[in-house]
Amino acid sequence: MTVAASTPIELIQGVYATLDEHLEVGRRRMGGPLTLAEKILVNHLDNPEDAALERGVSYVDLRPDRVAMQDATAQMAWLQFMTAGLDEVQVPTTTHCDHLIQARDDGKRDLAAAVDGNREVYDFLASVSARYGAGFWKPGSGIIHQVVLEQYAFPGGMMIGTDSHTPNAGGLGMVAVGVGGADAVDVMTGFPWNVRWPKLIGVHLTGQLNGWAAPKDVILKVADILTVTGGTGAIVEYFGPGARSLSATGKGTICNMGAEIGATTSLFAYDDAVSRYLKSTGREAVADAADAVAHHLRADDETEANPEAFFDQVIEIDLSTLSPHINGPHTPDLARPVAELGAEAEREGWPMVVSAGLIGSCTNSSYEDITRAASIARDAVAKGLTAKAPLLVTPGSEQVRATIERDGLLADFEALGARVLANACGPCIGQWDRQDMEDGVPNSIVTSYNRNFPKRNDGYATTHAFVTSPETVIALTIAGRLDFDPASDTLTNEAGEEVRLAVGAGEELPAAGFDPGEATFQAPPEDGSSVEVYVSPTSDRLQLLTPFPAWDGADLTDLMVLVKARDKCTTDHISMAGPWLRYRGHLENISGNVYMGVVNAFTGEVGTGWDATDGGTRPYPEIARRYHEAGIGWVAIGDENMGEGSSREHAAMEPRFRGAKAVIARSFARIHETNLKKQGVLPLTFADRDDYDRIGPEDRVSVVGLDGLAPNTPVEVVITSPDGTTTSITTNHTYSANQIEWFKAGSALNLIRQRTDS
Ligand code: MIC
Ligand code: SF4
């Protein structure tokens, strides 16, 4: 298999060739017209005739067209793949270096420092990709999702990626889903990808954006309506005249941040805007192929005419009346119009002064985003204004960077005093060596990113992060205050005059075409078998994996409660990013952060708990290590939406490695739940949500009757309190029959090993 810098037209034609036949099967089986999501899913079913298609209930096997992985998750995925004993990936796969570059000075210097500091990891990823036939995008090439949008995504395709924002490619009409590394390894080793047949949420867009409103505001509004759990288990499909009025990259922004509502993915239909984008990024042949099957690359007309009959839930948004929004702090679904933020900040005591503005991330770093923000910068400079706070800009890809440099847009930002960082995630994932602020000082930042959990950007718990569109970021940074509404307020310039910022004027695509910039793609050799993949036994950043032991067939008895989490417990709370990204390829070392950010439900303290071995209080990672060394099994208890956020499977592998047997929560985020299952840890939910309150710090927990573990059958959990009284409670699980085999084998990977060995 050849893996190139873009998806070969033959692959795309192959996907389109089966549409007629498969969609007929789909219409017959589902009894009528299909939504776009259903069309793409049916066309990728391993077995369209027989798969059980019960929304939100049955599991199906799918055959994605591609796999993409970013450096922070790819390390663990490749380490797992290496143990499968195959010679080559079975599906086109790419590795992208974007998460490990720290923002400090400027793009050039930061990139050089990263190449130097991460050499061992980059060498590993480059060689492992070459060895097994995958494409490699070097550091500096850009953020995975922007590169995928520019090179690999195609309408009607399906891909999985080891990053929760993989749905970005939904902007081009692709079903693109974020998964843990073990799911990626299934597909890379030639097995189907197993997922629950999704529910469908339709978002009907009418009207047209105007004034300061941007595509970002659509998803900020949807997040407000659905909250961080409202999209769980669902694909969100956008349709209607308003959808067709948006640019392809604008659609990408909306799909990208659908990760924040827990959606499996989000999706737009193929239309003229997508065609224009494909052509502008050098993919005329893809646009022509899509034109030939265009009727299959949008929902059947009946679904738009009568959406309630086809979607489980329908949301109406009129773009003409949508006002600019800003969400946060601390959660991406706390929304309000920009005009109302000042009053709320005043009421809540959030710092009114903006201490930094950050533009970029995979959500908002397209050419159009940057042109809109740059036009505001230009206008501000012309009107005698400067930015009141530091402004940092990260271009999404080398192609975007080279193009905006050529078109003079970087200069517009620099004239306002902005710093342009490397084409990478940077401060979005805590890779920000922030010099202008100290920990402990309450401050507010505005970003065009998608996540804003505490400590996410600069590692400081006292930073309040608000997410909004790039144009609102730049306006609030110029004003230096949260209580500035660019649509109605004025600013005083150097000459003492009152001036108003002009609405941003974006260009959808560069008139002079894209400048590809530096060549940063490395194709694998024809035959990679002689490429050496080196992992030093003394490395502190990479460690070969030892398979987890299989289940011994006995019930899990007398487990300690290592941690009981209160409130939000995202993957950032379970396995922090920032400085810990360094250890993403070393399971033992990264386990040094396990549950570090969790709020202890018993004490309210962050990251510490009761150690049963001596009754002391210690940081969770230390207790976990001590339990591991003493061979003590344990459980973790969670509240709602346990494991919200990232796809990082470290949040499941670390507990597994340290001896977790089960995680019992009120509810789980999709990817985290799957990651736990894949790694052999039981994710259970309280049948009675109040049972969460029954669990005390010194209780012992037994999960019993496991030899009868079966789909749709509750699992009994017995809680023994220190005085010996026992309480039996009921928990539920979402295992399918096949997935139970993962638990029995000790991990899903152990099963793959058994199969590839035989
Ligand atoms: C994120 O935005 O949280 C990340 C970093 O991109 C993660 C992946 C990771 O933890 O490596 C994600 O969203 O999946
Ligand atoms: Fe990178 Fe941030 Fe996007 Fe995650 S959300 S992929 S860290 S830019």
Side-chain angles (χ1 to χ4, degrees), residues 68-77 95-103 121 137 139 141-149 160-169 176-181 183-184 219 252-253 255-260 262-263 265 332 358-366 369 392-397 400 421-432 447-453 455-457 465 467 570-585 590 593 597 643-654 669-672 674-675:
M69 304 191 286
Q70 44 89 343
D71 49 4
T73 48
Q75 297 170 60
M76 207 46 96
T95 307
H96 301 255
C97 297
D98 55 359
H99 278 63
L100 301 179
I101 302 169
Q102 194 179 43
V121 171
W137 288 83
S141 54
I143 306 172
I144 178 169
H145 311 303
Q146 185 66 31
V147 174
V148 165
L149 202 72
I160 55 170
T162 59
D163 190 280
S164 64
H165 293 105
T166 305
N168 197 60
V177 185
V179 297
D183 275 28
I219 185 61
T253 295
C255 292
N256 176 298
M257 205 181 147
E260 270 48 71
T265 192
L358 302 107
I359 291 176
S361 95
C362 56
T363 335
N364 273 125
S365 52
S366 65
D369 288 330
L392 304 177
V393 181
T394 40
S397 68
V400 165
L421 302 171
N423 316 320
C425 302
C428 181
I429 188 54
Q431 293 280 31
W432 185 13
T447 83
S448 74
Y449 305 167
N450 42 38
R451 296 214 161 120
N452 54 0
F453 309 138
K455 296 191 181 182
R456 166 103 182 163
N457 303 119
V467 294
T570 70
T571 47
D572 283 60
H573 294 80
I574 304 171
S575 175
M576 195 191 168
W580 289 91
L581 288 174
R582 183 175 174 80
Y583 301 115
R584 283 291 186 86
I590 196 154
N593 76 1
E644 173 186 335
S646 155
S647 68
R648 63 191 75 146
E649 62 192 331
H650 305 77
M653 290 180 90
E654 295 172 33
R670 172 187 61 91
I671 310 180
H672 184 58
T674 307
N675 287 343

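Counting convention: from 1, in listed order, for ligands and their atoms alike.
- Close approach of ligand 1 to A72 is summarised as follows: ligand atoms under 4.0 Å from at least one heavy atom of the residue are 11 (O).
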- Query: Taking it one step at a time, do T166 and D163 satisfy side-chain hydrogen bond (donor to acceptor under 3.5 Å, both in side chains)?
  - Reply: CA-CA 6 Å; T166 305; D163 190 280; 5.1 Å; no

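- Side-chain atoms of N256 never come within 3.5 Å of backbone atoms of G252 as a donor-acceptor pair (strictly under, hydrogens ignored).
- Using 4.0 Å as the threshold, Q70 has a heavy atom nearer than that to some atom of ligand 1.
- Among all protein heavy atoms, the one lying closest to atom 7 (C) of ligand 1 is S646 OG, 3.2 Å.
- Protein heavy atom closest to atom 13 (O) of ligand 1, with residue, atom name and distance, is S164 OG, 2.5 Å.
- Classification of the F453-H573 ring pair by plane angle, with boundaries at 30° and 60°, yields tilted.
- Salt bridge annotation for D572-R456: present, with a cationic side-chain nitrogen under 4.0 angstrom from a carboxylate oxygen.
- Atoms of ligand 2 lying under 4.0 Å from any heavy atom of N450, numbered from 1 in the order shown and given with element: 5 (S).
- Put simply, the side chain of I574 does not reach to within 4.5 Å of the side chain of R648, judged on heavy atoms.
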- Check the pair V121 / L100 against side-chain contact (heavy atoms from CB on, under 4.5 Å), numbers first and verdict last. CA-CA 10 Å; V121 171; L100 301 179; 3.8 Å; yes

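- Counting protein heavy atoms only, atom 10 (O) of ligand 1 is closest to R648 NE, 2.6 Å.
- The distance criterion of under 3.5 Å between nitrogen or oxygen atoms is met by R584 with respect to ligand 1.
- Here the heavy atom of the protein found nearest to atom 6 (O) of ligand 1 is D163 OD2, 2.6 Å.
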- side-chain hydrogen bond (donor to acceptor under 3.5 Å, both in side chains) assessment of N593 paired with S575: CA-CA 6 Å; N593 76 1; S575 175; 3.2 Å; yes

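- Within the sub-2.8 Å shell of atom 1 (Fe) of ligand 2, the protein contributes these N/O/S atoms: C425 SG.
- Contacts of R456 with ligand 1, taken as heavy-atom pairs under 4.0 Å, involve the side chain alone.
- At a 3.5 angstrom cut-off on N or O pairs, T162 does not count as close to ligand 1.
- Summarising the geometry of M76 relative to R584, their closest heavy-atom pair is CE-O, 3.5 Å, with the distance given to 0.1 Å.
- Taking a cut-off of under 4.0 Å to the non-hydrogen atoms of S647, the atoms of ligand 1 that pass are 12 (C), 14 (O).
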